[in-house]
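Before any comments, here is the structure.
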Amino acid sequence: MSLDDISARIRAAALDAGRPADAVTLIAVSKMQPDERVAAVLDAGHRCFGENRVQEAARKWPGFRETYEGIDLHLIGPLQSNKVRQAMALFQSIHSVDRPRLARAIARIAQEEGHCPDLFIQVNTGEEEQKAGVLPADADAFIAECRDLDLPLRGLMCIPPADEEPSLHFALLAKIAARNGLKGLSMGMSGDFERAIAQGATHVRVGSAIFGERHTG
Ligand SMILES: *Cc1c(COP(=O)(O)O)cnc(C)c1O
């Protein structure tokens, strides 16, 4: 699959759902991909990328930014408290806000630096032990807490359990967002982005379908 194919499928899925063709932002997930593949997608004109590790992004993206203008970088993986300042300098959006301590650290640094990335709260819709995110039952309170901190909250993010129908999780995330007046929905990956768009995704995070298999280890 190429970037063009995925973009076409995203537009078609949006239209199928009765939404504008450009309603969905494609975040090309470039984690663990060779630089040549990332450069090829940049050369094709795409500018919105996702990384799941701060360290890896810090190695990779300052170089690309010297060559390509307008890069929009999204952190989609867990954020440790000691990397918040670095992440806020590097990323335009953070999709993994998942605990009060992290929200407070972001708020404090936003005050100091005078700027803050767009934020998404990660919700552990499957209530999986090993997965990050606030539990669905705690989401409303945490959203309110982030608003009290004046954080620029754009929406919610989820990663459904691998072995369940993702649509149910996407619908749950959409419901929590709607009742809290949040517009952004970061959901859908290579295997399920069309189903996510049917449930209202505004941001899909697609890696291997664009770049091919990741290099591990
Ligand atoms: C890796 C990753 C993706 C992309 O996964 P693909 O299956 O390669 O599309 C999306 N979201 C998160 C949080 C990821 O870590």
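Just so you know, ligand 1 is whichever comes first in the structure, and atom 1 is the first atom listed for that ligand. On a predicted model such as this, the values are computed, not experimentally measured, just so you know. Scope of the values below: all heavy atoms of this structure, side chains included, with no hydrogens, waters or symmetry mates.
- Remark: ligand 1 atoms within the under-4.0 Å shell around heavy atoms of Val206 are 9 (O).
- Every atom of ligand 1 with a heavy atom of Arg205 under 4.0 Å away is listed here by number and element: 4 (C), 9 (O), 10 (C), 11 (N), 12 (C), 13 (C).
- Protein heavy atom nearest atom 6 (P) of ligand 1, with residue, atom name and distance: Ser190 OG, 3.4 Å.
- In summary, Glu51 and Lys60 engage in a salt bridge, as defined by a charged side-chain N under 4.0 Å from a carboxylate O.
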side-chain contact (heavy atoms from CB on, under 4.5 Å) between Leu185 and Phe170, intermediate numbers included: CA-CA 9 Å; Leu185 285 170; Phe170 298 150; over 6 Å; no

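- Closest to atom 14 (C) of ligand 1, if we only count protein heavy atoms, is Lys31 NZ, 3.0 Å.
- Taking the six-membered ring for Trp and thresholds of 30 and 60 degrees, Phe49 and His46 have ring planes more than 60 degrees apart, a perpendicular arrangement.
- Residues His95 and Ile121 are not in side-chain contact: their nearest non-hydrogen atoms beyond the backbone lie 4.5 Å or more apart.
- The part of Arg214 lying near ligand 1 is the side chain, judged by heavy-atom distances below 4.0 Å.
- For Lys131 and Glu128, the salt-bridge test passes: some basic side-chain N is under 4.0 Å from an acidic carboxylate O.
- Near Ile159, meaning under 4.0 Å from any of its heavy atoms, are these atoms of ligand 1: 13 (C).
- For atom 10 (C) of ligand 1, the closest non-hydrogen atom on the protein side is Met189 SD, 3.2 Å.
- Residue contacts with ligand 1: Ile76 is placed with no nitrogen or oxygen under 3.5 Å of a nitrogen or oxygen of the ligand (distance criterion only).
- Residues His74 and Phe120 place their aromatic rings such that the two centres sit no closer than 6.0 Å.
- The residues Glu112 and Arg85 are annotated as salt-bridged, a charged nitrogen and a carboxylate oxygen being separated by less than 4.0 angstrom.
- Less than 4.0 angstrom separates some heavy atom of Gly207 from each of these atoms of ligand 1: 4 (C), 6 (P), 8 (O), 9 (O).
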